[in-house]
Amino acid sequence: MADEALFLLLHNEMVTGVYKSAEQGEVVSDRCVLLAGEHGFRVGQGLIERFTKDTARFKDELDIMKFICKDFWTTVFKKQIDNLRTNHQGIYVLQDNKFRLLTQMSSGKQYLDHAPKVFHRRLGIFVEDKIL
Amino acid sequence: MKSSELFTLTYGALVTQLCKDYENDEDVNKQLDKMGYNIGVRLIEDFLARSNVGRCHDFRETADVIAKVAFKMYLGITPSITNWSPAGDEFSLILENNPLVDFVELPDNHSSLIYSNLLCGVLRGALEMVQMAVDVKFVQDTLKGDGVTEIRMRFIKRIEDNLPAGEE
């Protein structure tokens with residue numbers, strides 16, 4: 001059972017690593033977002049496979065989103081999504097008021113630049129879940 | 001499903017990415033060690049704050065704290081301590097199971113990869129922050145077919161605080 005502190009440090013190190021590797025004059029943001037998203041995607045696939053092994057198929061999109069907002073989010077981020085909104089046309093907005101991976105960064109203004117990097121990685125985790 | 005799987009999967013994604021970025025296993029091993037070191041120098045603060053262990057008086061105490069407190073706290077396992085050198089400056093940690101390698105198989109073309117090398121860096125970095133220079137390496141690995149995973153730790157020297165020139 002891996003401790004949260006260790007996980008957060010590992011995650012932080014990975015995000016830093018992705019950005020360092022792109023420092024030589026590359027357009028930093030796009031490639032890094034892509035890479036960080038890929039990491040997240042791979043992790044997300046693995047998680048979902050294990051998580052849903054024994055559960056029934058999802059009935060519809062809303063079922064999937066509820067699963068993500070409650071069960072999945074709780075397992076990964078130790079709490080549920082605070083707010084879910086949709087336009088009923090395929091767009092869903094998930095709101096987490098205290099995103100676990102950013103809580104240690106939000107206090108200083110100098111960290112605000114780096115926050116998107118962390119977040120993009122996590123987005124990768126569930127962006128393709130609908131297909132599963 | 002446990003949230004520890006998130007850690008295992010995340011670590012796996014890291015190693016996979018490093019294998020893509022670097023052409024040979026040796027470079028991946030070095031990078032894992034370096035990242036582990038960066039983690040270790042911060043993790044020690046968390047450890048000292050939460051564990052309430054006092055200063056260790058010798059390497060034997062250090063070994064006990066590492067195996068029974070630190071590994072338990074961060075990875076949920078308690079390795080056993082064996083194979084002390086006669087001088088008391090080297091010992092082995094034997095891990096019956098290693099959470100980092102759950103569901104992992106090494107492909108044939110990565111026989112020199114030390115998959116869990118991050119751990120060596122973490123230990124080295126953490127101990128450096130408490131004034132101990134150590135050498136840490138894997139000598140057995142279940143991923144490579146060994147019966148257990150064995151980490152060998154060797155005490156190199158105590159790191160004295162560096163005083164500025166002119167102050168003795």
Side-chain angles (χ1 to χ4, degrees), chain A residues 1-24 26 31-32 34-55 67-68 70-79 100-101 104 118 121-122 124-126, chain B residues 1-22 28 31-51 69-78 97-104 116 118-119 121-123 125-126:
Chain A
M1 178 68 156
D3 185 79
E4 173 158 359
L6 181 57
F7 171 75
L8 289 176
L9 283 171
L10 174 65
H11 184 259
N12 194 53
E13 196 55 34
M14 287 170 76
V15 171
T16 313
V18 165
Y19 278 78
K20 269 208 191 111
S21 72
E23 234 140 45
Q24 279 86 38
E26 273 191 63
R31 181 178 176 271
C32 295
L34 183 64
L35 251 186
E38 273 178 29
H39 276 154
F41 180 78
R42 205 174 286 126
V43 174
Q45 263 191 327
L47 279 175
I48 289 292
E49 261 175 39
R50 301 201 47 73
F51 208 145
T52 56
K53 239 177 4 178
D54 303 315
T55 59
F67 166 79
I68 291 196
K70 291 191 180 146
D71 304 308
F72 184 76
W73 213 259
T74 306
T75 301
V76 178
F77 300 112
K78 307 269 197 295
K79 61 184 281 292
R100 181 179 160 221
L101 293 171
Q104 293 176 351
V118 172
R121 183 172 182 279
R122 284 297 139 183
I125 278 193
F126 59 81
Chain B
M1 189 189 82
K2 302 190 288 264
S3 61
S4 60
E5 295 185 350
L6 174 61
F7 181 80
T8 302
L9 286 168
T10 302
Y11 187 72
L14 168 66
V15 179
T16 307
Q17 186 62 44
L18 290 178
C19 288
K20 281 206 187 125
D21 291 343
Y22 295 95
V28 177
Q31 191 62 19
L32 283 173
D33 181 79
K34 194 161 142 225
M35 292 175 84
Y37 177 85
N38 292 340
I39 290 172
V41 301
R42 293 188 182 88
L43 194 68
I44 185 75
E45 284 174 34
D46 180 80
F47 177 71
L48 292 174
R50 286 162 58 190
S51 67
V69 189
F71 264 88
K72 183 107 182 86
M73 187 184 286
Y74 292 111
L75 290 175
I77 58 172
T78 310
N97 67 305
N98 176 1
L100 291 177
V101 309
D102 285 344
F103 326 120
V104 173
S116 308
L118 191 99
L119 288 183
V122 173
L123 287 165

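Below, read A as the first sequence line, B as the second, and so on, with proteins coming before strands; counting in each chain starts at 1.
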Region of B:Y11 in contact with chain A, defined by heavy-atom distances below 4.5 Å: both

Going from CD1 on B:I39 to CE on A:M14, what distance comes out if it is rounded to the nearest 0.5 angstrom? 9.5 Å

Using side-chain heavy atoms (C-beta onward) and a distance below 4.5 Å, is B:D46 in contact with A:L9? no

Give, for atom CZ of B:F71 and atom CG of A:D3, the distance between the pair rounded to the nearest 0.5 Å. 13.5 Å

Using a cut-off of under 4.5 Å on heavy-atom pairs, state which of B:R42, B:M35, B:R50 scores highest against chain A. B:M35

Are more than 12 heavy atoms from other residues, nucleotides or ligands located less than 6.0 Å from atom NZ of A:K70? no

Rounded to the nearest 0.5 Å, how far does CG of B:L100 lie from CG of A:L10? 9.0 Å

For B:Y74 and A:L6, the nearest pair of non-hydrogen atoms, with its separation, is O-CD2, 3.8 Å

